Amino acid sequence: MTRKNVDLKIKELKSNLGIMKDLRLSVGKVIDDSWEETIGPTPYPSITDLRNWDMKILQKYKPFYMPFCDLCCLCTYGKCDLSNNKRGACGLNMEAQQSRIVLLAACIGAATHTAHARHLVDELIEKFGRNYPLDVGGTNVEVEAPVTRLVTGIRPKTLGDLDTILDYLETQINHLLSATHTGQEGNNLDFESKVLQAGMVDQVGMEIADMAQVSCFGFPKADPNAPLVDLGFGAVDPTKPTIMVVGHNVPPAIGIMDYLNEKGLYGKIDVCGLCCTAHDITRYSSKAKIVGPISWQLRFIRSGLPDILVVDEQCIRADSLEEAKKIKAPLIASSSKNCLGLEDRTKDPVDEIVNDLVSGQVDGVLILDPEKVGEVAVRTAMEVAPKRKKFKIIPEIKDLIEIAKKCNLCNECRRACPNDQEIPKAMVSAGKGDLTKLEKIYEECIGCGRCEYVCPNEFPIHSFIVKAGEKKMKQEQYKIRAGRGAIQDVEIRRVGQPIIFGEIPGVVAFVGCANYPKGGEEVAEMIEEFAKRRFIVVTSGCAAMSAGMVKDEDGKSPYEKYPGNFDAGGLVNVGSCVSNPHIAGAAIKIASIFAKRNLRGNYEEIADYVHNRVGAVGIAWGAMSQKAASIASGFWRLGIPVIVGPHGSKYRRMLLGRKDRKEDWYVYDSRTGERVYGGPAPEHLFYAAETKEEAMVMIAKLCMRPNDNTKGRAIKLSHYIDLHKRFYGTMPDDIHLFVRRLSDIPITMKDEIVRILDEKGWKERIIPDPTLLPRMVRKKANKK
Amino acid sequence: MTRKNVDLKIKELKSNLGIMKDLRLSVGKVIDDSWEETIGPTPYPSITDLRNWDMKILQKYKPFYMPFCDLCCLCTYGKCDLSNNKRGACGLNMEAQQSRIVLLAACIGAATHTAHARHLVDELIEKFGRNYPLDVGGTNVEVEAPVTRLVTGIRPKTLGDLDTILDYLETQINHLLSATHTGQEGNNLDFESKVLQAGMVDQVGMEIADMAQVSCFGFPKADPNAPLVDLGFGAVDPTKPTIMVVGHNVPPAIGIMDYLNEKGLYGKIDVCGLCCTAHDITRYSSKAKIVGPISWQLRFIRSGLPDILVVDEQCIRADSLEEAKKIKAPLIASSSKNCLGLEDRTKDPVDEIVNDLVSGQVDGVLILDPEKVGEVAVRTAMEVAPKRKKFKIIPEIKDLIEIAKKCNLCNECRRACPNDQEIPKAMVSAGKGDLTKLEKIYEECIGCGRCEYVCPNEFPIHSFIVKAGEKKMKQEQYKIRAGRGAIQDVEIRRVGQPIIFGEIPGVVAFVGCANYPKGGEEVAEMIEEFAKRRFIVVTSGCAAMSAGMVKDEDGKSPYEKYPGNFDAGGLVNVGSCVSNPHIAGAAIKIASIFAKRNLRGNYEEIADYVHNRVGAVGIAWGAMSQKAASIASGFWRLGIPVIVGPHGSKYRRMLLGRKDRKEDWYVYDSRTGERVYGGPAPEHLFYAAETKEEAMVMIAKLCMRPNDNTKGRAIKLSHYIDLHKRFYGTMPDDIHLFVRRLSDIPITMKDEIVRILDEKGWKERIIPDPTLLPRMVRKKANKK
Amino acid sequence: MSDAPWQKAEVAGTKRALPLVKPEVVLAMLKRSKHPILVVGHKIVEIDLDGKKLIDFVIDIAKAGEIPIVATAHSVKEFLNREFQSVASMPVMDVANRLTDPEWKGLDGKGTYDLAFFIGLPYYMEWLILSGLKNFSGNLQTISLDGFYQPNATWSIPNISSKELREFFEALILKLGGQ
Amino acid sequence: MSDAPWQKAEVAGTKRALPLVKPEVVLAMLKRSKHPILVVGHKIVEIDLDGKKLIDFVIDIAKAGEIPIVATAHSVKEFLNREFQSVASMPVMDVANRLTDPEWKGLDGKGTYDLAFFIGLPYYMEWLILSGLKNFSGNLQTISLDGFYQPNATWSIPNISSKELREFFEALILKLGGQ
Ligand code: SF4
Ligand code: SF4
Ligand code: SF4
Ligand code: SF4
Ligand code: SF4
Ligand code: SF4
Ligand code: SF4
Ligand code: SF4
């Protein structure tokens with residue numbers, strides 16, 4: 001009846017505010033007086049509290065706009081043509097409109113994570129109570145919620161504390177969203193500052209979601225040795241009834257595992273997942289399997305393996321019901337976010353629902369109770385499996401060849417394909433019996449299905465592609481380390497110094513969706529490269545799956561080859577999308593645990609620290625969603641650069657530094673207060689790379705930080721130069737900007753580089769103790 | 001430091017949950033056990049709790065989609081071409097995408113009002129404390145918050161209660177917004193159901209905002225005799241320093257009035273407003289003046305009258321800073337929602353800020369403290385006025401004529417104008433010295449400025465138009481009744497019966513923005529028509545201003561001619577946009593006060609009552625914004641139809657009934673449980689009319705309800721037929737659908753109508769006690 | 001003459017109307033059509049082509065081509081004023097909505113329409129309605145006769161001057177067998 | 001040959017590129033240009049026009065027209081492999097960003113560019129970059145040479161076959177005085 005669980009009923013209470021009667025009180029804000037850390041200047045920051053910090057960042061990394069459309073169509077004053085410096089009917093210009101759309105995307109992204117967190121926390125509070133303690137890593141993790149502490153000034157201890165923080169997040173998102181209304185914010189940089197607020201809020205929302213599920217479901221707790229679990233299409237046993245779970249909200253999938261367990265059915269049924277629910281269900285039980293990232297949805301359904309689809313929220317194909325119908329598999333929708341027009345059967349008896357699904361009376365149902373989903377899904381799968389006999393809609397090769405002959409080479413499919421796949425050529429070959437070109441497309445296809453809708457012959461093109469890749473698909477059988485969750489404090493202590501001095505050359509995080517320009521192998525290749533080079537490589541979400549989908553000559557996939565600990569040469573899968581804050585959190589914890597800076601409500605100082613000292617880079621090679629936008633924004637506000645793939649240019653604007661403008665790169669030397677040239681490090685904040693080769697060179701470069709010591713800088717430079725030589729065939733032309741003293745030069749390259757430096761008229765310069773905040777100078781000075 | 005004010009500090013508290021130490025508790029949810037009303041089934045409804053009700057409504061009023069674009073461009077998988085039944089890369093189809101965009105708009109709208117409410121309530125709590133009592137109408141208004149009571153099941157008593165309700169609203173908006181993320185909701189009707197949830201939430205948000213401001217600022221409290229205040233350009237005294245306030249958040253304007261008052265400067269300075277801040281500042285002090293609606297912004301600035309612009313939030317032109325600069329007037333931005341790139345001077349001394357503004361050192365400042373805004377604005381205006389001497393950028397007539405001669409008739413301006421104004425022709429005439437065509441455009445121009453950006457000769461076209469209309473503009477001097485706020489319970493008691501039986505032929509609410517297809521006079525004309533016909537005419541927002549902007553031969557404007565009480569023939573200005581819920585609230589209160597239905601958390605039953613019995617129609621003739629979308633959605637969920645102007649088709653979909661499908665119009669007769677044909681009443685839920693004539697006929701028709709008694713139906717029919725004959729020249733062709741018994745026929749038209757009925761094979765039928773809810777049948781039956 | 005959208009910001013999508021420059025096209029379309037309709041908005045009374053109102057051209061076309069008219073908004077009154085009786089009246093939103101329903105029996109009860117002419121609606125409103133029909137009205141062909149290019153129609157007269165429009169109509173009426 | 005956007009959903013806005021069908025246009029533009037540049041993406045190595053790689057055409061064009069090249073991504077390596085040395089290298093985002101800065105001194109220090117050719121980028125990426133330049137790069141003219149119509153350029157070769165593209169390049173190189 002009430003939205004929140006209520007803790008206290010008080011018949012009459014006297015306080016300094018007078019007498020209150022017949023009230024119930026719920027725990028509001030916990031002012032944790034046992035936390036001795038001084039509170040910083042910006043706990044629970046409003047949408048303007050960090051605006052000054054944002055403007056500093058945005059001066060260095062100015063938006064470069066690439067409008068996705070000449071128009072604004074957001075209100076009925078429009079459409080307005082904003083091209084070529086025109087303003088819309090509300091007075092808005094193109095710059096502001098582009099940033100406004102970015103803000104809208106970031107709000108949608110942040111809302112998605114926060115709403116997910118809210119849903120989880122509400123359900124878990126109902127189940128476990130407000131006072132259920134949070135535990136994400138036992139004694140190994142003292143700083144249990146670095147992002148939340150940093151932003152809110154709160155140290156959450158229980159589920160109830162999360163509830164309070166969520167109130168703050170929702171308020172912020174609401175304010176930010178409101179700023180996108182026609183006639184509100186008019187300035188592009190102020191829109192960008194709000195984007196950064198949305199990103200910051202998003203990080204807290206994700207952190208809360210993951211803390212809640214890690215604590216309540218017993219996921220691996222900051223465990224570098226989280227179990228290796230099965231990954232890939234080939235891991236699914238085609239002889240068993242199969243339940244396919246898709247989405248991001250794990251409780252329905254847990255409902256399934258629990259029911260299986262209770263009934264002793266484990267082993268009789270395969271439960272396999274796509275997207276983040278897959279990550280999270282394997283964190284719950286290593287018996288579950290991961291099929292793959294979002295782009296595997298169509299191919300997996302059409303393969304006929306799933307006997308029932310259980311979809312929850314986020315990253316669900318909107319046509320899942322139609323696709324499930326095609327293979328005669330029923331569907332259970334389990335989230336109020338995605339009801340798919342289905343009847344709400346939450347309150348109906350299980351027998352009736354199962355009966356309706358098995359008999360085909362209904363194609364699908366909506367069930368908003370995760371436990372009921374569990375029972376219905378399992379029972380339905382058991383009964384449906386023998387009836388549908390893995391009915392699939394992938395054609396036979398001989399039919400494919402016959403049909404392909406009829407292709408009239410109209411190019412419609414290719415022109416609809418987001419990645420411009422040369423389908424017509426592949427059809428010609430296929431018509432001649434040669435499927436290799438189609439098979440090549442299988443490896444690059446992101447499974448969107450757009451080609452099929454435009455074919456005048458109505459070829460099931462995607463199914464053709466899947467058929468061509470079938471052999472490969474069935475061999476896809478890999479291992480992935482289940483999401484470990486947070487980074488341990490002890491790990492941070494170990495790597496803190498080498499990271500901030502640059503001796504560990506960087507923390508490289510591969511995150512986000514699978515909308516890759518040329519298939520997932522590029523991600524896997526990049527990951528290997530940096531793991532081999534002994535960077536710390538972190539993964540999450542769909543990218544973490546792609547990372548596992550290669551094998552070396554010994555048949556080992558990367559997670560088997562590289563250890564899961566947060567250290568040089570480690571390959572660290574933190575988990576699902578909501579586990580992303582463990583990455584930002586690690587950077588923050590370096591400041592707090594290693595450098596002993598105050599976290600609590602002290603955002604600017606910590607961001608300044610991270611930006612100038614922690615050589616971290618995020619790569620979202622396939623980023624496509626609004627969540628990706630908000631996740632990236634959360635990194636930006638901390639000053640951590642993010643690289644996206646070429647289609648990432650569709651995010652409408654980059655945040656680019658200009659290394660050729662010397663004046664942009666001055667920092668304060670906090671020892672002296674002097675303004676010192678710190679070099680373009682990192683050069684960009686948000687940046688779309690055209691190819692993986694370009695990305696790899698840029699990753700190495702973006703790991704440099706003004707604070708690197710000479711040893712660290714030399715190591716970083718050697719990686720940068722090495723990759724540059726390998727992929728570009730030349731020395732980089734900007735080394736002089738990064739060499740501060742002769743000792744920065746990698747020894748093996750000394751002569752070559754010194755020659756270049758001489759040509760450029762290079763002079764030795766100071767290595768500052770860098771900060772963008774004047775007050776940090778005073779602070780240091782005062783300490784003396 | 002903390003986001004909420006905290007009420008209680010408790011060193012140690014023992015409760016059933018154990019001992020808690022060092023906690024502070026804030027008042028969470030008030031469970032008001034003194035309220036005896038039984039709580040209904042859906043207090044604090046989740047986004048699926050009212051889905052069944054929504055689906056009932058959406059079956060009758062199916063979406064008709066008019067895509068504003070063939071594409072979806074909401075994520076970087078796209079753009080996707082969804083035309084002609086194609087699906088996007090995420091599997092989405094065109095119907096779902098259109099509804100998704102509507103949901104996005106409704107979320108933005110609801111967020112805007114809710115964030116405004118949050119901001120107000122936060123500020124007011126800080127000033128007055130959480131326990132400050134709400135009072136919107138003293139003892140005249142027992143049901144102080146009909147919408148809130150209905151939705152949440154709470155009877156808010158204090159500012160603190162509002163805080164709690166806002167938490168709920170923000171959570172809901174966050175959930176809803178999240179559903180627009182790529183890969184979430186996939187079904188168009190489920191998107192629509194979520195739109196209705198957003199609309200419902202929006203109504204609560206607005207109600208909260210208005211309750212807070214009415215209570216704390218002493219606005220008229222449900223006062224039918226609220227003072228008449230000055231309206232129109234001509235009401236501003238050009239000899240005085242003038243402060244122009246624009247937006248929706250009144251505290252900065254109040255800061256100005258308070259400072260004037262304190263310093264005895266009232267009368268020395270004119271404070272005049274545009275948009276809702278104008279409404280609200282006149283509710284605070286009848287000495288302030290209203291210039292006009294949103295579309296007056298450009299013309300008023302360019303006229304040179306304002307010596308300083310104070311902009312707060314919502315409906316601010318994004319180019320206000322640039323426009324202010326042109327007339328050498330400084331600008332103060334006062335909202336975190338709209339910072340305009342200005343430096344935040346909130347913490348600087350007033351002297352310094354005033355100095356910087358007066359000297360022109362800066363063009364504008366951001367001040368986030370309403371009281372400081374007051375002092376800075378007044379002092380700056382006083383000092384700036386003598387310097388700028390009402391500097392304007394409206395050209396002189398002779399210059400205008402010379403320039404106009406150079407027009408090369410390229411049509412660019414016309415093709416950029418949202419209303420296709422024939423500017424080129426007017427330029428030709430102007431070139432010949434005849435400004436009448438330009439003057440005509442002045443009356444229809446919505447002041448968007450788009451024409452200017454495209455003129456290859458860079459003519460300041462809008463300024464020309466303003467010049468041509470200058471004489472008329474200066475004569476614009478009218479009266480408007482200040483927003484009265486809520487409707488009194490006693491008024492409801494008086495009109496309840498005649499409304500639900502149809503004897504008062506309808507409640508017609510003119511709301512929303514000034515984006516009119518042919519100028520504001522159309523709205524004024526429609527309003528007169530229905531006031532004269534003794535409907536109850538309600539106004540709010542920009543429409544309320546337009547309503548006042550005509551005069552009869554005696555020089556009286558409508559607010560002087562029609563009384564302000566909620567009764568037949570009344571003209572009721574409820575106030576600003578956030579006063580809109582008083583309109584829905586009146587309908588709800590009819591159910592509660594007159595019909596004695598339980599309100600509390602009982603949404604479906606009340607909506608069912610309103611939909612079938614209360615002949616209310618909303619007209620948003622100039623609706624253009626996302627707020628307009630959410631406001632309309634709030635009416636729809638209550639089953640109240642909304643008519644928009646022709647450009648309202650840009651909202652991408654209508655909700656249209658099909659009177660030709662008899663099966664769509666059955667209701668339960670709650671006396672018997674039988675399903676009875678109730679007629680297409682109301683025929684549509686959301687509908688764009690092509691012309692005001694069509695709208696007037698439709699208004700009369702949409703006021704019919706299944707519950708009308710024969711006398712009421714006869715009255716309603718006579719208005720409908722009369723208007724139809726006048727504007728269409730014929731009898732309507734659907735009378736047989738609305739005449740249920742011979743006694744429904746207006747006596748004066750008996751023969752004519754009976755003849756028609758005979759032709760149609762009409763038969764007498766039952767007048768049901770109508771409901772769409774089967775459970776209402778049982779309920780009534782049980783009572784026997 | 002141009003086939004860019006008249007209101008510039010109402011850009012064309014992935015499929016755009018064929019420019020209708022020859023009256024013969026109308027004849028051919030009419031010949032193929034089993035059930036055409038002419039949807040007529042209120043602007044036909046406001047627009048004047050060198051001394052002859054648009055409505056009078058519309059009447060001539062309808063008569064010559066034997067095309068049933070549905071007058072939207074209050075324009076029916078003007079037809080009646082001109083003693084042109086064979087005209088139905090319906091709000092344009094209702095017309096458009098019904099045109100997407102394959103089961104609609106039509107204003108004359110003769111079943112679904114296969115060809116719809118549009119004239120005299122506000123430009124953007126017609127743009128949107130044609131968009132709705134393009135996307136959701138499978139077999140319907142649409143023709144815009146306003147002389148302001150409508151990209152979402154199947155065929156549209158491009159942006160032409162009122163003189164050219166008058167000439168187009170005169171030629172069309174002649175070819176349809178009217179005077 | 002068509003001047004609809006190659007990727008269908010990347011529709012044109014209110015202003016669309018003029019179709020570039022004659023090599024003469026390039027000559028004329030080059031003649032008028034004080035400071036041209038040729039931006040070359042990584043696909044020039046992947047694309048093959050009947051046996052000759054795109055990169056080899058590009059080298060011939062650059063030589064014949066004396067147009068400086070900036071190679072984006074890793075494509076510089078291929079130029080060097082072909083012993084073509086007068087090539088700068090820069091990520092395309094950096095090139096594009098700098099092209100919107102009227103104060104940028106150019107890769108050669110000679111000041112702002114007034115004409116930029118584009119070839120060999122992923123279609124959508126080029127679409128977006130050209131959109132950025134169209135909107136924010138006042139005096140720059142842009143030409144897309146891919147043979148896939150780019151609506152946001154000033155001029156673009158329309159969608160043509162690889163055979164036609166080869167012929168276009170051959171004719172262009174000849175006219176520029178190359179062989
Ligand atoms: S912004 Fe997107 S939806 Fe709007 S007109 Fe452009 S492509 Fe279409
Ligand atoms: S928000 Fe502004 S620019 Fe966009 S359509 Fe509306 S008026 Fe035009
Ligand atoms: S399904 Fe694959 S091949 Fe087809 S359009 Fe999508 S990405 Fe291209
Ligand atoms: S769309 Fe169909 S017919 Fe056309 S090229 Fe592609 S596969 Fe062949
Ligand atoms: S949200 Fe779906 S339809 Fe829209 S652009 Fe993304 S993939 Fe395409
Ligand atoms: S300012 Fe007036 S005339 Fe100009 S485009 Fe806007 S509405 Fe049309
Ligand atoms: S845009 Fe300028 S030149 Fe062209 S018709 Fe309008 S006023 Fe004349
Ligand atoms: S009515 Fe519309 S334009 Fe006017 S103030 Fe309200 S939202 Fe703004």
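We name chains A, B, ... by the order of the sequence lines, and we start the count at 1 in each one. Basis for what follows: all heavy atoms, side chains included, without hydrogens, waters or symmetry-related copies. Because the structure is predicted, anything quoted here is derived from the model rather than measured.
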Largest heavy-atom contact set with chain B, pairs under 4.5 Å, which of C:Phe79, C:Phe148, C:Trp127
C:Trp127

Of all the heavy-atom pairs spanning C:Glu126 and C:Ser144, show the shortest one and how long it is.
OE2-OG, 2.9 Å

If you tally heavy-atom pairs under 4.5 Å between each of B:Arg414, B:Met698, B:Arg653 and chain C, the highest tally belongs to B:Arg414

For chain C, find which of B:Gly657, B:Gly648, B:Ala688 contributes the most heavy-atom pairs closer than 4.5 angstrom.
B:Ala688

Please say which of C:Lys15, C:Lys134, C:Arg16 ends up in a salt bridge (Lys or Arg N to Asp or Glu O under 4.0 Å) with B:Asp70.
C:Lys134

Using a cut-off of under 4.5 Å on heavy-atom pairs, state which of B:Gln98, B:Met66, B:His684, B:Glu690 scores highest against chain C.
B:Glu690

With a 4.5 angstrom heavy-atom cut-off, is it the side chain or the backbone of B:Lys650 that approaches chain C, or both, or neither?
both

Highest number of heavy-atom pairs under 4.5 Å with chain C: which of B:Glu694, B:His647, B:Arg658, B:His724?
B:Arg658

Below 4.5 Å from any heavy atom of chain C, which atoms of B:Pro732 appear? Answer side chain, backbone, both or neither.
neither

Side chain from CB out, backbone as N, CA, C, O: work out which of these in C:Glu78 comes under 4.5 Å of a heavy atom of chain B, or both, or neither.
neither

Relative to chain C, which segment of B:Ala695 carries a heavy atom at a distance below 4.5 Å: side chain, backbone, both, or neither?
neither

If you draw a 6.0 Å radius around CG in C:Asp48, do more than 12 non-hydrogen atoms from other residues or ligands fall strictly inside?
yes

Given a strict heavy-atom distance threshold of 4.5 Å, which part of B:Lys692 is in contact with chain C: side chain, backbone, both, or neither?
neither

Chain C: which of B:Val697, B:Asn411, B:Leu656 shares the most heavy-atom pairs with it under 4.5 Å?
B:Leu656

Below 4.5 Å from any heavy atom of chain C, which atoms of B:Glu683 appear? Answer side chain, backbone, both or neither.
side chain

Does atom CD of B:Glu663 have more than 12 heavy-atom neighbours from other groups under 6.0 Å away?
yes

Selection from C:Ile129, C:Asp94, C:Thr100 maximising heavy-atom pairs under 4.5 Å formed with chain B
C:Asp94

Hey, is C:Arg98 close enough to B:Asp660 for a salt bridge, meaning N to O under 4.0 Å?
yes

For each of C:Gly138, C:Ala73, C:Ser89, C:Pro91, tally heavy-atom pairs with chain B at distances under 4.5 Å, and name the one with the top tally.
C:Ala73

Cationic N near anionic O, under 4.0 Å, B:Lys725 to B:Glu752:
yes

Looking at chain C, which one of B:Arg652, B:Lys518, B:Arg450 has the largest number of heavy-atom pairs inside 4.5 Å, strictly under?
B:Lys518

Under 4.5 Å from any heavy atom of chain C - which part of B:Tyr728:
both

Does CG in C:Asp50 sit with more than 12 non-hydrogen atoms of other residues, nucleotides or ligands closer than 6.0 Å?
yes

Distance alone, cut at 3.5 Å: any donor-acceptor contact between the side chains of B:Asp664 and B:Tyr61?
no

Would you kindly say whether B:Asn515 and B:Trp621 are connected by a side-chain donor-acceptor distance under 3.5 Å?
no

Mind ranking C:Asn81, C:Leu130, C:Val92, C:Thr72 by heavy-atom pairs under 4.5 Å with chain B and telling me who comes out on top?
C:Thr72

Rounded to the nearest 0.5 Å, the SG atom of B:Cys72 sits from the CZ atom of B:Arg87 at a distance of 13.5 Å

